Amino acid sequence: MGAPKRGGTVSLLTGISGPRDLDRLTPEQLVELAGEIRTFLIQEVSKTGGHLGPNLGVVELTIALHRVFHSPADRVLWDTGHQSYVHKLLTGRQDFTGLRTRGGLSGYPSREESEHDVIENSHASTVLGWADGLAKANQLRGVDQHVVAVTGDGALTGGMAWEALNNIAGAKDRPLVIVVNDNERSYAPTIGGLANHLATLRTTEGYERWLERGKQMLNRTPVVGRPLYGTLHGAKKGLKDVIAPQGMFEDLGLKYVGPIDGHDIQALESALQRAKRFGGPVIVHCLTEKGRGYQPARDDEADQFHSVNVIHPDTGLPVSVSGADWTSVFGDEIVRIGHERPDVVAITAAMLRPVGLKRFAEEFPDRVFDVGIAEQHGAVSAAGLATGGLHPVFAVYATFLNRAFDQLLMDVALHRCGVTFVLDRAGVTGPDGASHHGMWDMSILQVVPGLRLAAPRDADQLRAQLREAVQVKDAPTVLRYSKGKVAAPVAAVGRIGGMDVLRDAGTDRPDVLIVSVGALAPLCLEAAALLDRQGISATVVDPRWVKPVDPELPALAARHRVVATVEDNSRAGGVGSAIAQALRDADVDVPLRDFGIPARFLPHGSRDEVLAEAGLTAPAIARQVTGLVARQEGRLDPAGLGSD
Ligand SMILES: Cc1ncc(C[n+]2csc(CCOP(=O)(O)OP(=O)(O)O)c2C)c(N)n1
Ligand SMILES: CC(=O)[C@@H](O)[C@H](O)COP(=O)(O)O
Ligand SMILES: [Mg+2]
């Protein structure tokens with residue numbers, strides 16, 4: 001029944017090896033367990049970093065869910081999954097020492113970790129789609145299984161959530177429990193009409209509590225109470241209409257239960273039991289508080305500790321302050337541009353601060369649009385803004401642009417709209433794992449006619465290319481840069497066409513042309529130095545704008561024996577592929593080796609660990625290039641290049 005806690009009392013949490021261990025706990029013990037979990041989260045996530053605020057907000061909700069529903073026989077699905085730490089604690093995973101690091105627990109559900117986990121994708125607004133599909137499968141196959149989808153209020157601002165709700169509401173006989181974890185925030189307060197409507201529903205909070213208390217009171221007087229409760233319950237609908245106007249969920253045809261105090265385990269269990277028995281789709285609207293029980297999180301106006309780095313548990317202050325990052329370089333430059341260009345406006349998909357638009361919003365409050373977690377809408381509305389005479393700059397994480405590809409292609413590019421997309425967290429990000437690596441943008445964007453794509457190598461280039469981008473009025477422009485600290489400045493030693501020469505080979509018949517994309521310039525220069533030690537001469541260029549391929553590049557390649565392209569993007573269809581095609585189109589027959597991320601899902605770990613696993617290290621590149629040259633010339637043994 002659990003190991004002794006400090007001070008000799010027994011820890012309830014360590015006695016939980018699976019959800020069924022919750023069944024034997026008394027209501028008092030459940031409250032005590034919730035306290036232990038909060039203490040655990042604060043102590044452990046402070047050491048590793050992670051989604052502390054969201055998880056502090058779902059402690060009681062997760063306990064109630066796992067008491068009422070029997071995972072994995074029943075399926076409990078999490079939207080985005082960043083709030084699944086408590087779920088992990090209750091399903092046999094209590095070693096958080098390696099959270100989000102190589103070999104440690106993922107920061108999101110993971111099928112590899114547990115049979116209790118289903119959705120690994122950390123892109124928001126997908127849970128209702130998953131649940132709809134699972135419920136349809138169960139109905140078709142006659143599987144007796146409860147499906148529970150937990151979605152945040154923020155995730156409900158995503159279009160896919162409403163596509164799913166439209167389907168779910170259309171099937172009144174298909175059981176499905178939707179839990180809305182309403183903490184009124186995404187990072188910042190959730191925007192839009194939905195948030196306003198949820199607020200209206202919240203005001204009927206007294207109604208449910210009144211009903212709950214009435215039921216308890218009347219149940220205490222069975223002779224009179226029960227018939228009276230039945231009368232009252234019968235009057236409930238009319239009463240509710242008086243106290244609380246019909247909500248849109250009920251207008252859609254969904255049974256609505258709530259709002260429920262999301263920190264009252266008994267109220268939650270009562271509501272979930274009602275939902276469990278309901279023979280069709282039902283919404284349980286739970287009111288929770290992000291960061292609950294941890295004052296530094298509650299005081300954090302920005303995002304209530306949505307995602308923290310390593311912090312002091314007592315104060316919530318960061319243990320170390322990182323240097324200038326790509327995001328802040330962008331954030332400062334877009335403000336300068338904003339002062340010069342009144343037509344420039346900014347768009348964010350519920351991530352104003354994470355993408356660096358806080359200062360722009362402070363300086364130009366009327367010129368920044370938070371569209372909610374709605375990247376598709378962000379892209380289409382950008383086409384509208386451009387058509388209306390403005391120049392939108394849509395700042396978004398590279399991986400989240402994936403879902404707005406069609407809108408970028410068919411709304412922005414087809415209509416030749418001057419929209420600038422600024423992709424933060426491009427390339428390998430690291431701790432957030434497979435669905436967060438921004439490794440696809442330079443592949444999918446290759447097919448967009450007219451689009452111009454830049455990969456700045458350092459802060460100066462980011463500032464310069466951002467300015468070049470917002471000058472383009474008849475096509476989409478894209479800038480993409482990594483997560484975290486900005487790369488060390490790399491000066492050009494010359495220019496060929498639009499390409500910066502970063503290293504001259506020092507001979508008029510160099511062996512290797514290395515095409516360095518974006519932030520990997522230092523890595524490419526290091527590889528060139530290793531090659532030089534082998535007597536292999538290398539030119540290093542940074543194309544700056546990687547799409548379209550610089551017209552001078554084929555001729556430059558023709559003056560070398562081999563070409564190597566190096567990019568922090570999938571190899572499949574990336575910049576290397578585009579350059580290879582340009583060489584073929586120019587009849588330049590020079591062997592090309594494209595270095596990039598293999599076309600597979602990469603697990604979480606540090607950025608350097610994942611890049612190394614992808615073969616993106618200087619020794620690995622130099623070794624392979626040596627082999628290529630050797631094959632060309634029957635020269636040198638690549639083994640002489642040292643280890644990674
Ligand atoms: C498509 C997409 N866009 C942006 C994000 C970044 N993101 C992660 S969590 C989050 C806020 C989610 O808010 P909500 O659904 O209310 O959950 P809460 O954190 O409040 O529990 C955002 C915007 C994402 N995961 N997916
Ligand atoms: C869950 C989610 O999508 C984001 O909160 C993600 O964790 C972003 O992390 P960083 O902002 O730390 O890159
Ligand atoms: Mg929320």
Side-chain angles (χ1 to χ4, degrees), residues 49-59 61-62 78-86 99-100 106-109 119-128 149-161 179-192 194-195 198 262 285-292 297 302-310 322 325-327 348-356 370-379 395-404 424-438 482-484 604 607:
H51 291 94
L52 183 54
N55 283 281
L56 288 170
V58 295
V59 175
L61 175 56
T62 309
W78 300 90
D79 194 283
T80 317
H82 63 303
Q83 76 298 56
S84 61
Y85 298 2
V86 183
L99 181 66
R100 309 193 321 157
S106 165
Y108 304 90
I119 306 171
E120 301 187 351
N121 176 18
S122 61
H123 291 198
S125 316
T126 68
V127 75
L128 297 183
V150 183
T151 177
D153 54 300
L156 278 181
T157 61
M160 273 197 294
V179 176
V180 176
N181 170 32
D182 179 6
N183 54 25
E184 303 179 68
R185 300 182 79 102
S186 294
Y187 282 74
T190 299
I191 62 100
L194 170 72
L198 288 174
H285 180 196
C286 303
L287 310 183
T288 64
E289 182 191 349
K290 188 174 266 194
R292 183 173 176 97
D303 60 23
Q304 294 186 317
F305 281 23
H306 174 86
S307 178
V308 296
N309 292 316
V310 178
S322 62
D325 58 20
W326 293 95
T327 308
T348 177
M351 299 179 77
L352 183 92
R353 286 168 178 259
V355 297
D370 178 352
V371 296
I373 311 179
E375 286 80 1
Q376 288 135 322
H377 175 66
V396 60
Y397 284 11
T399 189
F400 301 142
L401 180 75
N402 295 352
R403 62 173 48 176
D424 197 334
R425 274 44 174 202
V428 169
T429 51
D432 286 290
S435 55
H436 259 79
H437 296 309
S482 313
K483 172 170 183 169
H604 60 274
R607 173 172 158 81

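Every heavy atom of this structure was used, including side-chain atoms; hydrogens, water molecules and symmetry mates were not. Both counts, for ligands and for their atoms, begin at 1 and track the order of listing. We count residues from 1, following the sequence as given. Source: prediction; values computed, not measured.
- Here the protein heavy atom with the shortest distance to atom 3 (N) of ligand 1 is E375 OE2, 2.7 Å.
- Within the 4.0 Å heavy-atom criterion, neither part of H51 lies near ligand 1.
- Proximity annotation for atom 2 (C) of ligand 2: of R353, H82, H306, H436, H436 comes nearest, heavy atoms only.
- A centroid separation of 6.0 Å or more is found between the aromatic rings of H436 and H604.
- Distances between N or O atoms of T80 and those of ligand 2 include no value under 3.5 Å.
- Contact annotation: Q83 has no heavy atom less than 4.0 Å from any atom of ligand 1.
- Closest approach of E120 and Y108 over heavy atoms only: O-CB, 4.3 Å.
- Given atom 12 (C) of ligand 1, the protein heavy atom at minimum distance is I373 CD1, 3.7 Å.
- The Mg ion (ligand 3) has no N, O or S atom of S186 under 2.8 Å away, backbone or side chain.
- With ligand atoms numbered from 1 in the order given, ligand 2 contributes 10 (P), 12 (O), 13 (O) to contacts under 4.0 Å with heavy atoms of K483.
- At least one N or O atom of D153 sits closer than 3.5 Å to an N or O atom of ligand 1.
- Counting the atoms of ligand 1 from 1 in the order shown, those under 4.0 Å from a heavy atom of N181 are 21 (O).
- Once rounded to the nearest 0.5 Å, the distance linking CG of L401 with CG of D424 reads 12.5 Å.
- Minimum interatomic distance between W78 and I119 (heavy atoms only, all atoms of both residues): O-CD1, 3.9 Å.
- Considering backbone and side-chain N/O of S122, none are found under 3.5 Å from N/O of ligand 2.
- Between T157 and I191, the shortest heavy-atom distance links the atoms CG2-O, 4.0 Å.
- Summarising the geometry of A149 relative to V127, their closest heavy-atom pair is CB-CG2, 3.8 Å, with the distance given to 0.1 Å.
- For atom 14 (P) of ligand 1, the closest heavy atom belonging to the protein is G154 N, 3.5 Å.
- For atom 25 (N) of ligand 1, the closest non-hydrogen atom of the protein is S122 O, 2.8 Å.
- The shortest contact between atom 24 (C) of ligand 1 and any protein heavy atom is with F400 CZ, 3.2 Å.
- Residue R185 counts as close to the Mg ion (ligand 3), with an N, O or S atom under 2.8 Å.
- For the pair L352/D370, no side-chain contact is recorded, criterion being any heavy-atom separation below 4.5 Å from C-beta on.
- For atom 13 (O) of ligand 1, the closest heavy atom belonging to the protein is S186 CA, 3.3 Å.
- The protein heavy atom nearest to atom 26 (N) of ligand 1 is A124 N, 2.9 Å.
- Of all heavy-atom pairs between V396 and E375, the closest is CG2-CG, 3.9 Å.
- Residue contacts with ligand 1: R403 is included, with a non-hydrogen atom under 4.0 Å away.
- Summarising the geometry of A379 relative to A404, their closest heavy-atom pair is CB-CB, 4.1 Å, with the distance given to 0.1 Å.
- Proximity of R607 to K483: side-chain heavy atoms (C-beta onward) are nowhere separated by under 4.5 Å.
- When heavy-atom distances to ligand 1 are checked against a 4.0 Å cut-off, D79 has no atom that comes that close, whether in backbone or side chain.
- At least one side-chain heavy atom of L99 sits less than 4.5 Å from a side-chain heavy atom of Y85.
- In this structure, R100 pairs ionically with D432, as a charged nitrogen and a carboxylate oxygen lie closer than 4.0 Å.
- Without hydrogens or angle criteria, S435 side chain to S122 main chain gives a donor-acceptor distance under 3.5 Å.
- Any N or O atom pair closer than 3.5 Å counts here, and T80 shares no such pair with ligand 1.
- The protein heavy-atom contact nearest to atom 13 (O) of ligand 2 is R425 NE, 2.8 Å.
- No N or O atom of R100 sits closer than 3.5 Å to an N or O atom of ligand 2.
- Distances from the Mg ion (ligand 3) to each N, O or S atom of D153 single out OD1 as the nearest.
- In this structure, atom 7 (N) of ligand 1 lies nearest to the protein heavy atom Y187 CE1, 3.8 Å.
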